[in-house]
Amino acid sequence: MNSINGYPSPADLPVATLSDAMERFGVAHGIRPLWPGAALSGPAFTVWTRPGDNKGLHAAFETIRRGEILIVNGGGDETRALIGELVVQKARALEIGGIVLDGAARDVTELAELGVPVFARAVTPAGPWKTGPYRIGGTIAVGGVPVRPGDWVVGDDDGVAIVPAEQRADVVRIARELIEGEAQRRTANQGLVPRG
Ligand SMILES: O=C([O-])CC(=O)C(=O)O
Ligand SMILES: [Mg+2]
């Protein structure tokens with residue numbers, strides 16, 4: 001099985017299937033990968049920040065651990081990038097698992113080159129304020145979905161889903177069953193022939 005830091009990889013358990021396994025809930029609406037092939041899977045490190053302000057993200061880099069996903073409620077703001085190349089360089093050096101923003105980013109060409117998976121609501125060249133306030137830890141909302149520290153965050157080309165930590169084993173089991181069912185439907189589809 002493919003895994004990322006001990007968490008199932010979306011290459012094995014796609015985000016769409018994990019959402020199906022949660023009665024089709026759990027998807028962070030409007031949050032997209034910033035480069036094709038970006039994929040992440042790991043425990044949430046939550047931050048709430050004033051929209052358009054990244055002081056809290058810099059503070060998060062003081063304590064975030066390898067493999068954790070920096071996931072940020074930035075109020076859904078699309079007018080100022082919370083991160084860019086320099087912030088993502090830090091993320092890469094610290095080997096965190098990736099970044100999810102309910103907010104915007106910039107320097108997207110460099111983000112793809114750095115290879116750190118970044119998901120966001122928007123891209124804008126306008127830079128962030130750096131004064132706060134912010135809050136590290138605690139429950140936040142991202143794309144309309146609640147996220148607590150340690151919840152499982154998964155992202156692939158389709159977007160991001162949040163799996164509550166205590167539901168992880170059940171969701172994995174149900175997702176594997178769904179994948180088996182899909183394989184059968186795929187085989188049946190391949191047997192179709194034109195009519196007439
Ligand atoms: O200036 C910022 O804080 C955001 C940015 O562009 C970078 O991290 O490169
Ligand atoms: Mg920059």
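For ligands, and for the atoms within them, numbers begin at 1 and follow the listed sequence. Throughout, residue positions are numbered sequentially from 1 according to the sequence presented.
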Sequence neighbours excluded, the answer for side-chain contact (heavy atoms from CB on, under 4.5 Å) partners of Leu114 is Glu85, Val88, Gln89, Arg92
Please tabulate, line by line, the atom pairs linking an N/O of ligand 1 to a protein N/O at a distance below 3.5 Å, with the distance in Å to 0.1, or answer 'none'.
residue  : atom  : partner : partner atom : Å
ligand 1 : 1 (O) : Arg106  : NH2          : 3.1
ligand 1 : 3 (O) : Asn54   : ND2          : 3.0
ligand 1 : 3 (O) : Lys130  : NZ           : 2.6
ligand 1 : 6 (O) : Arg106  : NE           : 2.6
ligand 1 : 6 (O) : Arg106  : NH2          : 2.9
ligand 1 : 6 (O) : Asp107  : OD2          : 3.3
ligand 1 : 8 (O) : Gly84   : N            : 3.3
ligand 1 : 8 (O) : Leu86   : N            : 3.4
ligand 1 : 8 (O) : Val87   : N            : 3.0
ligand 1 : 9 (O) : Glu85   : N            : 3.1
ligand 1 : 9 (O) : Leu86   : N            : 2.9
ligand 1 : 9 (O) : Asp107  : OD2          : 3.1

For the Mg ion (ligand 2), the nearest N/O/S atom on Asp107 is atom OD2
Could you tell me whether a side-chain N or O of Asn54 sits under 3.5 Å from a main-chain N or O of Pro128, the two making a donor and an acceptor? no
Indicate whether any N or O donor in one side chain lies under 3.5 Å from an N or O acceptor in the other, for Thr131 and Arg50. yes
Within the side chain of Arg121, is there an N or O that forms a donor-acceptor pair under 3.5 Å with the backbone of His29? yes
Which residue, Asp157, Asp158, Leu18, Asp156, forms the side chain to side chain contact (heavy atoms under 4.5 Å, CB included) with Pro10? Asp156
Under the 3.5 angstrom rule, does the side chain of Thr46 hit a backbone N or O of Gly138 as a donor-acceptor pair? yes
